[in-house]
Amino acid sequence: MTKSVNQTSKENIYSLQGFGKVFRFTFRQTIKNKAFLITAIVMILMMAMMKPLMYLMSNSSESTRKRNEASIENVEADKLYILNETTFAFDKEAENIPSIGKVKEGHLDPKNISIYNKDEVKEDDLITGLTGKDILVVIRLDAMTYHVDGIITDNSEVSVRSLDRATEYVEKIFGETRKSQMSLDDRSLKSISAGVTRDEVMTAKEYVEEKDHTISKTEYSGLLMGFALIIMVVASLSSSYIISSVNEEKTSKLAETLLVSVRPMALLLGKVLGMLLFVAGTIVCGILLSFLVSDVLMENVLKLDMSGITQQGGLNLAIFTGYGVKGLVVFLAEILLALCSFGILSGIMGSACSKTEDQQNATTLVTVITLIGWMGCTYVGMKGDLSAIGALVPPFSYFMAPEAYVAGRIGIGVLLLSFAIQIAILIGLLIIGAKTYRNLLLSDSSKPKLASIFAAAKN
C-alpha cells in the first residue's frame, strides 16, 4: 500500500527548498552515528598504517627470501650428493658450499656434501647407494633447458621441504657457475634471460598510434587499475552509507517529518551530498595521516630504517600529481561525477527499501554495477580502439575515461563527450529522484525494488 501526500498543482518537485538544512542535518547526524563513525575511524587508521605495514611486509618477505634462498642450513638429511652432467663444471676447490657454523642435530653438515662433475661417477651408482636420509641432486641439459632434479629413496625420511631447499641451493650455485664461466655480468645475464612478449596483431596505423601514446602500455595499465580501484572502493563505500542512512530515516518515520517543509529533490540531494562530504572527509583524513604521520611513526615508534622507503609502497598519489594540472582536473571531475551518480542511484534504491533487510538487495545492485564497470575497464581499456568506446559507454566510462585521455588514447573531444553523457545520466537520475523520492519514502510496498521505482515514476 502506498501512502500519498496532498500536493497542489503549483508544487515544484524540482525545487531545492530546504537543501541546505538537509545537507547540514545529514552531515551532523552521520558524524553522530556511532556505526558510521567507527567505520570511518577504522578506515582512516588503515590508510594511515598502510605505509608502515607495507614496509614491514616487504622487508619481512625480503628477509625471509634472503634467509631461505639457497640455504642448506635447514636441510634435514645426512648426506647430499650433487651430480653435474653439464659442460659447466663445478670448481671443487672454490667455496661453493659455505660454512653454516654449528650444525643443528639432524641437519645437513656441509662436510657431507659431495660434488661430482660429468663422467666422474655414474648416476645409477649414486642412486643405488642412497640411504633413507640421503639426497641426490642431478643437473642435466635436456634439449635447450637445464633441469635440477632432487632424488630420494622410496622409503626416505627426508621431507619434501628439505628436498626443495636442497634443489634450490644447487640451482643457485649452478647459476653462479654458469655466469662466471660465461664471463657475464648481472646486466648481461638479465638481458639474455629477459623474456620476449608478443603483442596482438595490429595495423600500421594502430602501430604508429601506439608509439605516439604519451605513456607506455605498462604505465597505462597501472594507471587504469589504480584509478578504477579508487572509483570502485569509494563508490561502494559511499553507496552503502547512503542506502543505510536513507532506510534508517524511512523506518524511523523521520522522513515524513522532513517532507513537510522540504521538497523531495532537496531532500534527496541534501542527503546524498551530505553523506559524500562525510566519505570525502574520511578519505582526506586518511591521506593526510598516511603522509604526515606514517614517517614519524616509522622512525620514532617502530624504529624502522627509512632509506628507500619511497620504493616500499604506501598511498600512491602519482595518479593525481604525475600528469599535470589537466590530469588532476579530469581525475577529480570524474570522481565527482561518479560519486554523485552512484550516490543519487543509491538514494533512490534506499528509499525503495521497505525494511532493514532490503538494504542488502539495494546495496548489491549498486555494487554489481560498480563491479561491471571495474572489470569491464580492465579488459576494454587495453584493447586499442576500444578505449574510445569504453570511455563513452557507462558504467565503463566512469572508470577509464580520464586515464585514456591522459594516456593519449582518446582526445579532448571524446573526453568532453564522455563527461556530457555522464552529466546527462546524472540529470536523468535527479529527475527520477524528484518524481519518485517522496512516494518511495512513504511507501511500504512489497513489490520488487525496480518495479516500485518505475511505478512511482510513472505515477
Side-chain angles (χ1 to χ4, degrees), residues 2-5 7 12-16 18-19 22-23 25-26 30 234-256 258-259 262-279 336-373 394-395 398 421-459:
T2 303
K3 302 174 185 177
S4 62
V5 175
Q7 305 178 48
N12 181 9
I13 62 173
Y14 304 112
S15 171
L16 292 179
F19 166 78
V22 174
F23 177 82
F25 173 79
T26 299
T30 303
V234 177
S236 299
L237 178 65
S238 59
S239 298
S240 176
Y241 279 165
I242 291 170
I243 291 173
S244 176
S245 178
V246 170
N247 188 246
E248 181 180 336
E249 290 185 1
K250 179 177 180 178
T251 54
S252 67
K253 304 302 181 183
L254 178 60
E256 295 184 19
L258 291 172
L259 283 170
V262 179
R263 295 294 178 263
M265 173 75 88
L267 181 58
L268 173 61
L269 207 55
K271 168 67 64 178
V272 170
L273 294 183
M275 292 297 299
L276 290 182
L277 178 62
F278 175 77
V279 173
L336 180 62
L337 281 172
L339 292 187
C340 287
S341 299
F342 285 112
I344 297 296
L345 176 62
S346 301
I348 296 172
M349 294 302 300
S351 66
C353 297
S354 300
K355 50 186 180 297
T356 305
E357 291 78 6
D358 293 338
Q359 288 181 209
Q360 184 62 43
N361 294 332
T363 304
T364 299
L365 176 63
V366 180
T367 301
V368 166
I369 294 175
T370 59
L371 283 174
I372 290 174
Y398 294 102
I421 294 173
Q422 294 176 41
I423 292 172
I425 292 175
L426 178 58
I427 293 173
L429 288 171
L430 286 171
I431 292 173
I432 293 175
K435 291 184 176 182
T436 63
Y437 200 62
R438 181 198 299 271
N439 288 336
L440 290 173
L441 282 176
L442 301 178
S443 172
D444 57 1
S445 172
S446 60
K447 294 180 180 179
K449 297 301 165 286
L450 289 177
S452 300
I453 294 171
F454 290 133
K458 183 178 180 180
N459 292 334

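Excluded from the calculations below are hydrogen atoms, water molecules and symmetry mates; all remaining heavy atoms, backbone and side chain alike, are included.
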When rounded to the nearest 0.5 angstrom, what is the spacing between OG1 in Thr363 and CD1 in Ile243?
4.0 Å
As a quick check of understanding, evaluate side-chain contact (heavy atoms from CB on, under 4.5 Å) for Phe278 and Thr26, giving each step before the final call.
CA-CA 9 Å; Phe278 175 77; Thr26 299; over 6 Å; no
Nearest 0.5 Å, what's the CD1-CG distance between Ile242 and Leu273?
8.5 Å
Which heavy atom of Ser239 sits nearest to which heavy atom of Phe342, and what is that distance?
OG-O, 3.9 Å
From Leu336 atom CG to Cys340 atom SG, the distance as rounded to the nearest 0.5 Å:
4.5 Å
Sorted by chain and residue number, the side chain to side chain contact (heavy atoms under 4.5 Å, CB included) partners of Ser238 (sequence neighbours excluded) come out as Leu276, Val279, Leu339
Mark yes or no for whether Ser341, through its side chain, and Leu337, through its backbone, hold a donor-acceptor pair below 3.5 Å.
yes
Where is the tightest heavy-atom contact between Pro394 and Ile425, given as atom of each residue plus distance?
CG-CD1, 3.3 Å
Residues passing the side chain to side chain contact (heavy atoms under 4.5 Å, CB included) test with Ser236, sequence neighbours excluded, are Met232, Thr370
Note, Ile369 side chain near Tyr398 side chain (heavy atom, < 4.5 Å):
no
Measure across Thr30 and Met275 and return the closest heavy-atom pair with its distance rounded to 0.1 Å.
OG1-SD, 3.1 Å
Where do Leu267 and Val22 come nearest, in terms of heavy atoms and distance?
O-CG1, 3.7 Å
